[in-house]
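The next block holds one structure in the form of structure tokens; read it before the comments.
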Amino acid sequence: MPADAPRLVDLSHPIRDGMPVYPGDPEVSIGPALTVDADGVDVARIRMGSHTGTHIDAPSHTVRGGRTMADVGLDELVGEAIVLRVPELVDGEVYDWDRLEAHGSLPAQLPPIVLIDTGWARWFDDERRRRHPALAAAAAEELLRRGMRVLGVDTLSPDSTEVAPPAEAGAGAAFPVHEAVLGSGRLIVENVANLDAVPDRVRVGFFPLRLAGDGAPVRAVAFLD
């Protein structure tokens, strides 16, 4: 690596056989399809959902007729980011704007990518991951007003995973942050890892598999000077 090359921090969870997934999503299965001994080459057979591991939600994930990954350009997924630290949250807590500003007022104009570090990434392999904190919808709407184009969280979702709304409530009630962000044509990245290893202002890139559907796993990278 050249001496002047930026240092990279991987913000992705590795994709592996049997890894945790969002409740109800397809399980991850990775096994041999071909082997060197039998076939002369080693090839894996992979089965998983489009929202496996660290991944991006396109608007069509929750919005009928919304943009798909085919409509999302890489230029939308690379840029300056602000990392908002929201520590010491309890299981299932809904954190609001005051919690986002606990360490100082946020600028009126935010960079295009907002990453929220709750510290919950450490529970990714534990059942506690399902009891993660959730962002208040009003706070998400304020982030959008201040220029956010991509919301990244270190949890299974920016919305609650364990608290199910009444069946008649509709998708918007189930996923109010998704409704606000994806409903405005913006993007969400979930299960971001290693945010404790990057500064509060950092350049990041999310590089998805080139799938044309409702979402895709990404290799998420922070570029450090």
Side-chain angles (χ1 to χ4, degrees), residues 11 22 51 54-63 66-67 69 71-90 92-121 132-161 163 171-196 198-206 208 214-215 218 220-223:
L11 303 180
Y22 189 89
H51 296 262
T54 308
H55 67 273
I56 184 170
D57 292 356
S60 64
H61 179 47
T62 59
V63 178
R67 289 198 301 157
M69 289 304 300
D71 304 311
V72 177
L74 286 177
D75 58 322
E76 297 181 67
L77 300 173
V78 179
E80 298 304 316
I82 185 171
V83 183
L84 306 182
R85 317 285 180 182
V86 194
E88 301 177 0
L89 297 169
V90 300
E93 181 176 349
V94 177
Y95 55 97
D96 58 15
W97 187 258
D98 288 342
R99 294 300 298 268
L100 294 181
E101 289 198 313
H103 300 290
S105 297
L106 297 181
Q109 182 64 42
L110 292 168
I113 301 172
V114 174
L115 304 174
I116 300 180
D117 177 15
T118 68
W120 225 259
H132 64 81
L135 178 64
E141 291 164 357
E142 181 61 26
L143 291 172
L144 289 166
R145 280 192 288 271
R146 297 191 184 206
M148 180 184 71
R149 312 292 291 186
V150 179
L151 170 64
V153 295
D154 62 353
T155 52
L156 290 174
S157 171
D159 290 303
S160 174
T161 293
V163 179
F175 307 109
V177 175
H178 282 74
E179 182 180 34
V181 178
L182 302 185
S184 65
R186 273 71 163 194
L187 306 163
I188 296 173
V189 179
E190 296 165 333
N191 295 321
V192 180
N194 300 321
L195 287 175
D196 58 344
V198 301
D200 294 346
R201 292 289 189 129
V202 65
R203 186 171 178 80
V204 299
F206 302 111
D214 51 85
V218 302
V221 179
F223 303 90

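All values reported here derive from a predicted model rather than from experimental measurement.
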Pairwise side-chain contact, Asp57 with Thr62, heavy-atom cut-off 4.5 Å (strictly under): no
Determine, stepwise, if the pair Val114 / Leu84 fulfils side-chain contact (heavy atoms from CB on, under 4.5 Å). CA-CA 7 Å; Val114 174; Leu84 306 182; 3.8 Å; yes
Verify side-chain hydrogen bond (donor to acceptor under 3.5 Å, both in side chains) between His51 and Asn191, making sure each step is shown before the conclusion. CA-CA 10 Å; His51 296 262; Asn191 295 321; over 6 Å; no
Taking all non-hydrogen atoms of both residues, which atom of Leu182 and which atom of Arg186 are closest, and how far apart? CD2-O, 3.4 Å
So, taking the atom named NE2 in His55 and the one named NE2 in His61, what distance separates them when rounded to the nearest 0.5 Å? 6.0 Å
Answer yes or no: is there a side-chain heavy-atom contact under 4.5 Å between His103 and Pro87? yes
In this structure, CE of Met148 is separated from CD1 of Ile82 (nearest 0.5 Å) by 12.0 Å
Less than 4.5 Å apart, any side-chain heavy atom of Val177 and any of Val153? no
Could you verify whether a donor N or O on one side chain and an acceptor N or O on the other, from His132 and Asp154, lie under 3.5 Å apart? no
Taking the side chain from Arg203 and the backbone from Phe223, do they hold a donor-acceptor pair closer than 3.5 Å? no
Audit row: Ile56, Met69, side-chain contact (heavy atoms from CB on, under 4.5 Å) steps and yes/no: CA-CA 9 Å; Ile56 184 170; Met69 289 304 300; 3.5 Å; yes
Could you measure the distance from the CD atom of Glu76 to the CG atom of Asp71? Nearest 0.5 Å is fine. 9.0 Å
Between CZ on residue Arg145 and CG on residue Leu110, distance to nearest 0.5 Å: 11.5 Å
Short question: side chain of Glu93, backbone of Pro133 - any donor-acceptor pair under 3.5 Å? no
Pro111 versus Ala81, closest heavy-atom pair with distance: CG-C, 3.9 Å
Given side chains that start at C-beta, do those of Val86 and Leu135 come closer than 4.5 Å, heavy atoms only? no
Smallest heavy-atom separation, Ala121 atom then Ala193 atom, equals CB-CA, 4.4 Å
Heavy-atom check, side chain of Val150 versus side chain of Phe206, under 4.5 Å: yes
Taking side chain as C-beta onward, heavy atoms only, is Leu187 less than 4.5 Å from Pro59? yes
What's the separation between atom CG in Asp96 and atom CD in Glu101, rounded to the nearest 0.5 Å? 10.0 Å
Using a 4.5 Å cut-off on heavy atoms from C-beta on, say whether the side chain of Leu143 contacts that of Leu100. yes
Within this structure, what is the CZ-CG distance for the pair Arg99 and Leu89, rounded to the nearest 0.5 Å? 4.5 Å
Does the Arg146 side chain pair with the main chain of Pro107, one donor and one acceptor, at a distance under 3.5 Å? yes
Might you point out which heavy atoms bring Pro158 and Thr155 nearest each other, and give the distance in Å? N-OG1, 4.4 Å
Report the C-alpha distance between Val198 and Leu11 in whole Å, list the side-chain angles of each, state the deciding distance to 0.1 Å, and finish with yes or no for side-chain contact (heavy atoms from CB on, under 4.5 Å). CA-CA 9 Å; Val198 301; Leu11 303 180; 4.1 Å; yes
Could you report the tightest heavy-atom contact between Ser184 and Ala180, atom names first, then the distance? OG-O, 3.2 Å
Is there a side-chain contact between Thr118 and Ile116, using heavy atoms and a 4.5 Å cut-off? yes
For Tyr22 and Ser160, which heavy atoms make the closest approach, and how far apart are they? OH-O, 4.3 Å
Checking the side chain of Asp159 only, and the main-chain atoms of His178 only, is there a donor and an acceptor separated by less than 3.5 Å? yes
